[in-house]
Amino acid sequence: MVQDTRQSRHRNASASRKAKLAPKVNESEKTSVSSLYGLSPAMVNTAITVGLCATAFYVRAYQIELPNEVVFDEVHFGKFAAYYVTRRYFFDVHPPLAKMMIAAVAWLAGFDGKFEFDNIGDSYIENNVPYKPIRLFIAAVGSLHVPLVFQILRETGTSTTMALIAALAILFDNAQVLQSRLILLDAPLVLFVLCSLYSYVKFYAQRYRPFQPAWWAWLTATGVSLALTISCKMVGLLTFFTIGGAVLFDLWNLLDIRRGLSMRVFVKHFCARALCLIVVPFLIYLSFFYIHFSVLTQTGSGDDFMSLEFQQTLNGNEYLETPISIHAYDSITLRHVGTNAYLHSHPSRYPLEYEDGRISSEGQQVTAYEHQDDNNLWRIEPVEPVDNEDGSFNETRRMIHHNQLIRLLHLGTNTYLMTHDVASPLMMTNMEFTTVSGDNEQEYANTLFKVMVEGATTDDIAWDSRRTSVRLVHNDTGVVMWTRADGRLPDWGYGQLEVNGDKNQREKTAIWTAMDVRPDPESPLFESRSNIPQEPLAPIPRSFLQKYTELQGLMLSHNNQLTSSHPYDSRPQSWPVVYDGVAYWSKDEAQEQIAFFGNVVSWWCASFAVLAFVAIFFTDLLCRRRGLYYLSTAERCRYLHTTGFFVYAWACHYVPFFLMHRQLFIHHYLPAHACSVLVFAGMLDFVTSRSIDLPITPAGPELPAERRRPVMRRRQGRLAQGFAFVFVLSLVAMFQFLSPFTYGNVGLSEAEVRARQILPSWRLQFLKN
């Protein structure tokens with residue numbers, strides 16, 4: 001390109017300082033084909049949009065009844081639909097919107113919720129599951145991605161040809177198609193991500209008409225779209241970062257005194273964005289959880305994750321059985337809240353030396369066992385006298401209260417629960433729990449535990465079975481009795497859960513509940529307490545905000561705990577190049593399989609486009625530091641604030657995964673891939689544009705000079721048409737080549753499978769080593 005003169009550089013540099021981070025919308029002559037057959041640009045865009053949507057739906061709905069079996073994560077999200085239909089409470093790390101959408105369609109299709117999607121390969125036909133309407137709904141949602149990509153690019157001034165190429169890159173992407181054919185959450189997630197980008201682009205187009213109805217409408221639409229995005233999956237928060245960053249940069253520019261805005265007007269801008277992009281989304285997000293709790297009123301598989309107070313809000317929950325006040329000398333079973341494992345002991349002893357060389361006490365094992373067993377019984381023995389001074393029975397003093405010291409006698413071995421300063425088998429930082437004979441007076445102090453009733457504020461709060469939960473705090477050392485689901489002992493411990501002493505007394509998972517109570521047979525109240533009718537009580541109401549707060553904390557906590565390995569998990573650096581995929585389903589007899597692989601033509605081109613954008617504009621930045629202006633300032637500003645916005649969106653939806661240590665899969669890249677396709681179209685538009693003119697809308701009484709808008713005009717030649725033809729041909733050919741893995745409708749021989757193994761790292765079924 002010809003270098004700018006010094007004067008024009010100065011003028012253009014001054015104009016560029018007014019640019020914003022958000023996409024710069026061009027009031028250009030949007031398409032060269034608009035004059036064909038006398039059609040207006042709007043009519044052409046509408047026709048293309050409708051055609052793209054219809055074609056996308058056909059591609060996604062083609063033979064959608066295959067396979068007629070449960071595929072991959074349909075195991076989870078189909079099961080959640082069954083729970084919604086039957087109103088049984090469940091727990092999931094994702095917000096409820098997308099799952100409720102699937103459940104609503106399933107219910108309308110006549111699904112009764114009896115089939116629970118237990119295993120991959122379970123037959124839908126044999127179990128009369130109306131799976132096809134549910135999959136068709138997901139296909140319809142996924143088909144909307146394609147016209148949205150086209151419209152986003154057209155709104156930012158990208159040529160019709162390049163916008164169409166990007167839409168086709170989504171339409172014929174094997175990964176996007178596959179995720180839109182199954183009962184999964186990704187299609188709704190990507191839809192609302194794109195809706196957020198589109199709404200913000202439309203809002204930004206109204207920047208010269210602030211506080212007008214259209215301005216408010218698109219600002220509100222952006223907030224609603226953001227709320228829908230994060231209500232599908234927690235990763236929707238990344239879309240908030242995308243729009244939030246653009247909004248903050250926009251506000252920073254509005255604050256510039258050279259813009260001529262008074263502080264009063266700036267505060268109005270700030271408050272409007274805060275209302276529509278923070279308050280409105282939060283209220284919508286809350287509303288979906290309100291519906292979630294209103295529907296799921298029956299006890300279910302998710303009970304165990306929740307607190308005792310939460311579980312008592314559910315109909316049919318076992319904690320609603322009639323509680324029994326616990327007295328001294330009663331025998332009880334203690335169940336851990338969270339793992340549902342009972343405090344347990346047996347005659348077997350800890351090995352003298354562990355595998356890491358540490359030495360144990362070689363005492364009797366104390367574990368947590370998930371099943372009912374006679375070795376789960378412990379008798380409560382008080383430390384202080386519980387009867388009157390004359391020896392007569394005192395019911396009040398016999399009741400176990402908050403802060404009371406007790407000893408627990410294991411009935412099966414006639415030994416007392418204790419802990420001491422010996423490292424536990426699996427955690428060197430925690431203390432070992434064991435038992436000791438009652439004859440051992442030296443260990444008496446180590447057998448004393450304080451009962452800490454959850455939520456108690458005074459010592460007169462009594463301990464009841466099922467209704468209240470407690471912490472058992474060792475009186476001498478202050479450690480609290482604790483177990484965990486991933487603390488399973490080796491073979492010498494029979495695979496049971498380790499019980500140890502945690503130094504953090506407020507450990508939120510160190511909660512136990514007395515489940516079964518066998519009253520003291522020598523008590524005068526034995527008969528009356530043994531014959532208490534076990535009729536279920538009415539659920540105990542709890543406020544929505546209490547339930548919401550508890551569930552949010554658990555969702556975040558368990559999401560971070562998804563660190564276990566999986567055969568097909570992968571790290572983010574491998575996603576843009578489709579280094580590997582994920583096997584979803586296979587049928588050995590027909591040698592059919594479904595596997596997640598992106599269309600390498602679109603994925604590799606889109607990834608290269610992101611790198612090319614960064615390289616070109618970083619190089620231009622360096623050149624400008626040396627006074628070399630190879631790109632005109634107007635052209636540079638346009639692409640920095642349109643394509644650059646898409647690069648920023650891609651980074652927001654991709655880079656944070658490098659900071660996550662949880663289990664990740666390549667399908668987490670789908671929102672970022674959609675953004676990279678937008679970058680790809682922008683870079684094609686940049687490379688194939690011959691020139692950019694810059695006529696200026698003249699100022700007038702209704703349009704002050706500082707609010708005049710530049711108008712971009714581009715001229716694209718045969719290069720753009722030629723590249724579009726080659727790219728689309730390659731894209732469709734690759735889609736067809738990989739389609740047996742997308743549809744699972746064609747059995748392939750080993751040679752045919754190997755021929756489709758584009759990268760040696762791809763793991764495919766039916767390949768012999």
Side-chain angles (χ1 to χ4, degrees), residues 328 331-336 339 341-369 375-384 400 403-452 470-484 486-507 509-512 514:
S331 298
I332 64 172
T333 60
L334 277 173
R335 192 168 74 178
H336 180 250
T339 63
Y342 293 89
L343 182 65
H344 176 93
S345 188
H346 43 241
S348 300
R349 310 187 79 82
Y350 294 115
L352 176 61
E353 184 176 348
Y354 298 124
E355 294 181 356
D356 59 3
R358 291 186 296 115
I359 303 299
S360 79
S361 67
E362 208 175 2
Q364 181 172 305
Q365 293 178 18
V366 172
T367 63
Y369 188 46
N375 280 326
N376 298 342
L377 282 170
W378 302 80
R379 188 173 73 190
I380 299 175
E381 295 194 355
V383 175
E384 301 293 336
I400 305 300
N403 270 337
Q404 184 171 343
L405 285 179
I406 64 170
R407 302 173 78 196
L408 288 175
L409 176 69
H410 184 246
L411 294 182
T413 59
N414 199 36
T415 55
Y416 288 92
L417 181 72
M418 65 165 283
T419 187
H420 51 179
D421 193 16
V422 175
S424 68
L426 303 182
M427 300 184 70
M428 294 179 59
T429 57
N430 288 16
M431 292 171 58
E432 175 192 270
F433 264 68
T434 183
T435 65
V436 64
S437 169
D439 298 333
N440 192 337
E441 297 181 358
Q442 293 180 346
E443 297 288 358
Y444 176 82
N446 287 332
T447 64
L448 302 182
F449 291 87
K450 185 182 295 183
V451 175
M452 307 293 291
V470 299
R471 299 171 185 269
L472 289 180
V473 179
H474 190 238
N475 187 57
D476 192 30
T477 62
V479 300
V480 63
M481 187 171 71
W482 179 60
T483 189
R484 67 195 191 284
D486 58 348
R488 203 163 289 279
L489 295 168
D491 292 342
W492 55 257
Y494 308 103
Q496 297 174 13
L497 302 179
E498 176 195 40
V499 172
N500 61 42
D502 193 318
K503 297 175 183 176
N504 178 18
Q505 287 189 13
R506 301 311 302 169
E507 166 58 48
T509 58
I511 307 296
W512 301 79

Undergrad: Can you list the residues that meet the side-chain contact (heavy atoms from CB on, under 4.5 Å) rule with A328, with sequence neighbours excluded?
TA: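 P382, V386, I400.
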
Undergrad: Tell me, please, which residues at least two apart from W482 pass ring-ring contact (aromatic ring centres under 6.0 Å, His included).
TA: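 Partners of W482 under the ring-ring contact (aromatic ring centres under 6.0 Å, His included) test: none.
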
Undergrad: Exactly one of S424, S360, S361 should register a side chain to side chain donor-acceptor pair (under 3.5 Å) with E432. Which one does?
TA: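 It is S361; the other options fail the test.
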
Undergrad: Tell me if a side-chain donor or acceptor on Q496 pairs with a main-chain N or O of T367 at a distance below 3.5 Å.
TA: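 No; zero donor-acceptor contacts below 3.5 Å.
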
Undergrad: Answer yes or no: is there a donor N or O on one side and an acceptor on the other, between the side chain of E381 and the main chain of L409, under 3.5 Å?
TA: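 A pair under 3.5 Å: no.
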
Undergrad: Surrounding CG of N504 (heavy atoms of other residues, nucleotides or ligands, distance under 6.0 Å), is the total greater than 12?
TA: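 Atom CG in N504 is packed in, count exceeds 12.
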
Undergrad: Could you pull out all residues at least two apart from Y342 that satisfy ring-ring contact (aromatic ring centres under 6.0 Å, His included)?
TA: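 Counting only residues at least two positions away or on another chain, Y342 forms no ring-ring contact (aromatic ring centres under 6.0 Å, His included).
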
Undergrad: Would you say the side-chain atoms of Q365 and S348 include a donor-acceptor pair closer than 3.5 Å?
TA: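 No, no side-chain donor-acceptor pair sits under 3.5 Å.
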
Undergrad: Would you find a donor on one side and an acceptor on the other, under 3.5 Å apart, between the side chain of W512 and the backbone of M481?
TA: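 Indeed, once roles are kept as given, a pair shorter than 3.5 Å links the two residues.
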
Undergrad: Return the set of residues passing side-chain contact (heavy atoms from CB on, under 4.5 Å) with P351 (not counting sequence neighbours), or none when no residue passes.
TA: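 Here the qualifying residues are Y354, W492.
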
Undergrad: Taking all non-hydrogen atoms of both residues into account, name the closest pair between W378 and H410 and its distance.
TA: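 Where W378 meets H410 most closely, the heavy atoms are CZ3-CB, 3.4 Å.
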
Undergrad: Rounded to the nearest 0.5 Å, how far apart are OG1 of T415 and CG of N440?
TA: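 T415 OG1 to N440 CG: 11.5 Å, rounded to 0.5 Å.
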
Undergrad: What heavy-atom pair brings H474 and L448 nearest, and what distance separates the two atoms?
TA: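 Looking at all heavy atoms of both residues, the shortest contact is CD2-O, 3.4 Å.
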
Undergrad: Just so I know, are the side chains of N500 and R484 near enough to count as touching, which here means a heavy-atom distance under 4.5 Å?
TA: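 SC-SC contact between N500 and R484 confirmed.
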
Undergrad: Quick one: closest heavy-atom pair of F433 and Y350, and the distance?
TA: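 For F433 versus Y350, the nearest heavy atoms are O-OH, 2.6 Å.
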
Undergrad: Among residues two or more places apart or on two chains, list those pairs meeting salt bridge (charged side-chain N to carboxylate O under 4.0 Å, His left out) that have a residue in residues 341-359.
TA: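 Qualifying pairs: D356-R358.
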
Undergrad: Quick one: ring-ring contact (aromatic ring centres under 6.0 Å, His included) partners of Y494, sequence neighbours excluded?
TA: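 Residues passing ring-ring contact (aromatic ring centres under 6.0 Å, His included) with Y494: H346.
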
Undergrad: By side-chain hydrogen bond (donor to acceptor under 3.5 Å, both in side chains), which residues pair with N475, not counting sequence neighbours?
TA: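 None.
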
Undergrad: Looking at every heavy atom in both G412 and N375, which two are closest together, and how far apart are they?
TA: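 Distance-wise, the nearest heavy atoms are CA-OD1, 3.9 Å.
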
Undergrad: Less than 4.5 Å apart, side chain to side chain, heavy atoms only: is that true for H344 and V366?
TA: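 No; the side chains remain at least 4.5 Å from each other.
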
Undergrad: Looking at CG of N446 and CZ of R407, how far apart are the two atoms once the value is rounded to the nearest 0.5 Å?
TA: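 Reported value, rounded in 0.5 Å steps: 10.5 Å.
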
Undergrad: May I have the step-by-step check of side chain to side chain contact (heavy atoms under 4.5 Å, CB included) for L472 and K450, ending in yes or no?
TA: CA-CA 6 Å; L472 289 180; K450 185 182 295 183; over 6 Å; no

Undergrad: Listing request: all salt bridge (charged side-chain N to carboxylate O under 4.0 Å, His left out) pairs with a residue in residues 433-449, at least two apart in sequence or in separate chains.
TA: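 Of all non-adjacent pairs touching residues 433-449, none passes salt bridge (charged side-chain N to carboxylate O under 4.0 Å, His left out).
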
Undergrad: Under the side-chain hydrogen bond (donor to acceptor under 3.5 Å, both in side chains) rule, collect the residues that match up with D502, sequence neighbours excluded.
TA: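 side-chain hydrogen bond (donor to acceptor under 3.5 Å, both in side chains) list for D502, sorted by chain: empty.
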
Undergrad: Please enumerate all residues that pass side-chain hydrogen bond (donor to acceptor under 3.5 Å, both in side chains) together with T483, with sequence neighbours excluded.
TA: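 Checked T483 against side-chain hydrogen bond (donor to acceptor under 3.5 Å, both in side chains); zero matches.
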
Undergrad: Provide the closest heavy-atom pair for A341 versus L497 in the form atom of the first, atom of the second, distance.
TA: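 Distance-wise, the nearest heavy atoms are CB-CD1, 3.9 Å.
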
Undergrad: Taking all heavy atoms of Q505 and all of R471, pick out the closest pair and write down the distance.
TA: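 It is O-NH1, 3.0 Å.
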
Undergrad: In Å and rounded to the nearest 0.5 Å, what is the OG to CG distance from S331 to L408?
TA: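 One gets 10.5 Å once the value is rounded to the nearest 0.5 Å.
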
Undergrad: Taking side-chain hydrogen bond (donor to acceptor under 3.5 Å, both in side chains) as the test, write out the residues that go with T419, two or more places apart.
TA: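 side-chain hydrogen bond (donor to acceptor under 3.5 Å, both in side chains) check on T419 returns nothing, list empty.
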
Undergrad: Output all residues satisfying ring-ring contact (aromatic ring centres under 6.0 Å, His included) with H420, sequence neighbours left out; order by chain, then residue number.
TA: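 Not a single residue meets the ring-ring contact (aromatic ring centres under 6.0 Å, His included) criterion with H420.
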
